[in-house]
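See structure below.
The chains referred to below are lettered A, B, ... by the order of the sequence lines, with proteins before strands, and numbering in each begins at 1. We use all heavy atoms of the structure for the numbers below, so side chains are in, but hydrogens, waters and symmetry mates are not.
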Amino acid sequence: MATYLDFEEPLKELEDQIVKTKEIGVDTEVDMADKIGELEKKLKSKTKEIFSGLTPWQRVQLSRHPDRPYTMEYIEGVTDGEFQELHGDRNVKDDKAMVGGFGLLDGETVMFIGQQKGVNTKMRQFRNFGMPNPEGYRKALRLMKMAEKFNKPIVTFIDTPGAFPGLEAEERGQGEAIARNIYEMMRLKVPVICIIIGEGASGGALGIGVGDKVVMMENTWYSVISPESCSSILWRSWEYKEKAAEALKLTSTNMKKLGIVDDIIKEPSNGAHRDHTGAIKNVKKAIKSYLTELKDSKPEDRIEARIEAFSNRGVWK
Amino acid sequence: MSWFKRSKEGITTSTKEKKETPEGLWEKCSNCKTIFAADDLAKNAYVCDRCNHHERIGSREYFEILFDEGKFKELDKDLTSGDPLKFEDTKKYTDRVKATQSKSGLTDAIRTAKGKLAGETLVIAAMDFAFIGGSMGSVMGEKIARAIDEAIKSKCPFMIISKSGGARMMEAGLSLMQMAKVSGKLGQLSEAKLPYVSFLTDPTTGGVTASFAMLGDLNIAEPDALIAFAGPRVVRETIGRDLPDGFQKSEFVLEHGFLDYIVERADLKKTLALSLKMFKN
């Protein structure tokens, strides 16, 4: 069953009405085409109305929508199933919150990596809610290094509420693992594209988030802290999450304006969570255009430009 | 009848004749509460004689301890933060910065300087916890980046003294970017084959730990310093039970393989000079 957020309720009502009208049409054999057309038009304009006026907090809610496509679905989608998952960091274990492997993008090999959330309660636990341990980051780095060795571009999908803040994670150097990834990604000789497809929470996101192109899907967020945690620290209460979401300027539009991300990938008009095929199509198109743009530049020029781009992200006087 | 009898009444010294103790003459160890003459504590590099507790100190004290005769040239002294997000929580970010500046006499949470250590040129970036918890914003990123450029230009080693709660929330996404920015610059330093010493002091957490503080050719720390990605409170809430003794302290981090060595403040200069000599000779 699809989940509807409170601000999406009017859409659900219209959708239900359409279904009902269709049923009546079938039952009574009366032509309801006009009525249905009218309702569909209404649904379209209502969708546009709701999605064009989203508040930052509503976008945060959408980024976490349980019906959104997750990393694996994007990978399977853009490769048309021609993907082989590769496991393990060759050291401690295989982190289920981070996935990766080679895939074929219209015949070209690409290394895909990303945080993976679970699709149901059991899987959410299995995937540790998309919160990787150090092994996850180290697996990601191992795969990126392999991609570099065989001269294959890298695409990362970012969707995490944060790196896991557990006891073992600390013991095994969560900080070092993320730091190492950031450092190494900055110097990878192959093109790197990072796409925020859901939640981009802080260091946990940045740990696979350094590339030649860093882009956000429309209804996602990316910042140094989640609005809830920010609220609890700065306002000393969880009640100010809406305000915090506003203040952090964490939406794709704001982040683009601040020059922190390079581009925004449009989602279908009713959001990626209602139209997976549409979302995957847009993502694939974007990846292909970035890869075409990047493939002819020299590795050393790309690295220099990458360092330069990140060096310019900051404001001081 | 009482055994003793007061012959004089109460305190007779008049307020005018009272001798005031000047401020800052005495300091209390924040761990064992022993009271020291402030001068003695300073002479002892702000380490408690009795319990060896290393008091938190700032860039001023570290520069004094490390640079020969306390002489150095400060770099990019006047860099201060902008307010790109027009951030406001219970207070405006700009007001918070101004208030902290006038209270601490600092411009931001880090100072960078070039000087000599045991006769050899060295660039140091040292954080000040007194400035919004040593938080890392655009200014910190830019100052470290420029300090690294200076080290590359002078072909000298580079050192960061970390003492920070992590990224500065009021610069949100931009402060996150500083982790990547500094890491990129460290790559250039590495390319120039110049040593980078990361010195972790109490506390080093969050985004600082998850970037340049863990990337030293040498990662070294003061004793008993909190070194963490997620702070102990968050970890405790996550796992729902008490944390083992010494969790996330320097000694723990050393045992788990993320530090090269721990050094007492009194030996810091000597030890560091030797390490740098090893890289050079």
Side-chain angles (χ1 to χ4, degrees), chain A residues 134 162-167 169-180 182-187 200 202-207 209-210 222-225 229-231 233-236 240 243-244 247-250 254-255 258-261 303 306-308 310-317, chain B residues 79-85 87-90 137-139 141-143 145 166-181 183-188 205-215 227-231 234-235 237-239 243-244 247-248 252-253 256-258:
Chain A
F164 189 59
L167 186 124
E170 290 291 317
E171 284 180 341
R172 293 197 289 266
Q174 189 71 286
E176 195 275 344
I178 292 172
R180 187 67 49 202
I182 297 171
Y183 180 87
E184 294 291 344
M185 286 185 89
M186 203 55 114
R187 316 192 65 69
S202 201
L206 192 63
V210 178
Y222 186 22
S223 194
V224 77
I225 191 166
S229 304
C230 177
S231 159
I233 295 173
L234 290 181
W235 281 272
R236 299 187 190 286
Y240 295 85
K243 254 189 162 165
L248 287 167
K249 305 275 190 292
L250 43 62
N254 277 319
M255 291 291 277
L258 287 164
I260 300 176
V261 298
I303 293 169
R306 211 181 286 157
I307 294 175
E308 180 73 21
F310 277 91
S311 292
N312 288 335
R313 288 170 182 154
V315 174
W316 58 86
K317 13 175 223 207
Chain B
L79 225 57
T80 59
S81 54
D83 182 18
L85 273 58
F87 196 94
E88 188 174 350
D89 48 271
T90 49
S138 302
V139 173
E142 180 64 13
K143 275 181 130 177
R168 188 174 291 172
M169 244 178 289
M170 302 80 160
E171 290 187 30
L174 285 169
S175 60
L176 185 66
M177 291 302 117
Q178 307 313 308
M179 295 164 66
K181 173 173 176 170
S183 303
K185 289 309 257 186
L186 285 175
Q188 294 178 335
T205 62
V208 171
T209 303
S211 59
F212 50 82
M214 277 291 162
L215 292 173
I227 299 167
F229 169 64
V234 177
V235 177
E237 276 169 18
T238 306
I239 63 169
L243 302 169
F247 182 64
Q248 299 180 316
F252 171 96
V253 180
H256 283 88
F258 296 97

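Both the backbone and the side chain of A163(A) have a heavy atom closer than 4.5 Å to some heavy atom of chain B. Using a 4.5 Å cut-off between heavy atoms, L206(A) touches chain B through its side chain atoms alone. Looking at Q188(B), both its backbone and its side chain come within 4.5 Å of chain A, counting heavy atoms on both sides. Using a 4.5 Å cut-off between heavy atoms, V315(A) contacts chain B through both its backbone and its side chain. Heavy atoms closer than 4.5 Å to chain A are found in both the backbone and the side chain of S183(B). Looking at A180(B), both its backbone and its side chain come within 4.5 Å of chain A, counting heavy atoms on both sides. If you measure heavy-atom distances from I233(A) to chain B, the contacts under 4.5 Å come from the side chain alone. Proximity to chain A involves both the backbone and the side chain of L85(B), based on heavy atoms less than 4.5 angstrom apart. Only the backbone of E88(B) comes within less than 4.5 Å of a heavy atom of chain A; no side-chain atom from C-beta onward does.
With respect to chain B, the highest number of heavy-atom pairs below 4.5 Å among R172(A), K243(A), M185(A), E184(A) belongs to R172(A). For the options I307(A), L234(A), I225(A), heavy-atom pairs under 4.5 Å to chain B are most numerous at L234(A). Put simply, of A210(B), G82(B), S138(B), the one with the most heavy-atom pairs under 4.5 Å next to chain A is A210(B). With chain B as partner, the option from M186(A), K317(A), R187(A) having the largest number of non-hydrogen pairs under 4.5 angstrom is K317(A). Chain A forms the most heavy-atom pairs under 4.5 Å with one residue out of E237(B), Q178(B), M169(B), M170(B), and that residue is M169(B).
Annotation for W316(A) and V139(B): closest pair CB-CG2, 4.0 Å, computed over non-hydrogen atoms. Of all the heavy atoms in L174(B) and I260(A), the pair that sits closest is N-CD1, 3.5 Å. Across all their heavy atoms, A172(B) and V224(A) have their closest contact at O-CB, 3.4 Å. Contact record, L167(A) with V235(B): N-CG1, 3.8 Å, taken as the closest heavy-atom pair. E170(A) and Q248(B) get closest at one heavy-atom pair: OE1-NE2, 2.8 Å. Of all the heavy atoms in F258(B) and E171(A), the pair that sits closest is CE1-O, 3.4 Å.
The line from CD of E176(A) to CG of L215(B) is 7.5 Å long, rounded to the nearest 0.5 Å. The CD atom of E171(B) lies 12.0 Å from the CG atom of L248(A); values are rounded to the nearest 0.5 Å. Rounding to the nearest 0.5 angstrom, the gap separating the CD atom in E142(B) from the CZ atom in R313(A) is 14.5 Å. Taken from CG in L176(B) to OH in Y222(A), the straight-line distance is 4.5 Å, to the nearest 0.5 Å. Residue I182(A) holds its CD1 atom at 10.5 Å from CZ of F212(B), rounded to the nearest 0.5 Å. A distance of 10.0 Å separates CD in E308(A) from NZ in K181(B), rounded to the nearest 0.5 Å.
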| request: For the pair T90(B) and Y240(A), evaluate side-chain contact (heavy atoms from CB on, under 4.5 Å) and give the outcome as yes or no after the intermediate values. | output: CA-CA 11 Å; T90(B) 49; Y240(A) 295 85; over 6 Å; no
| query | Is there a side-chain contact (heavy atoms from CB on, under 4.5 Å) between S211(B) and I178(A) once you walk through the steps? | reply | CA-CA 7 Å; S211(B) 59; I178(A) 292 172; over 6 Å; no
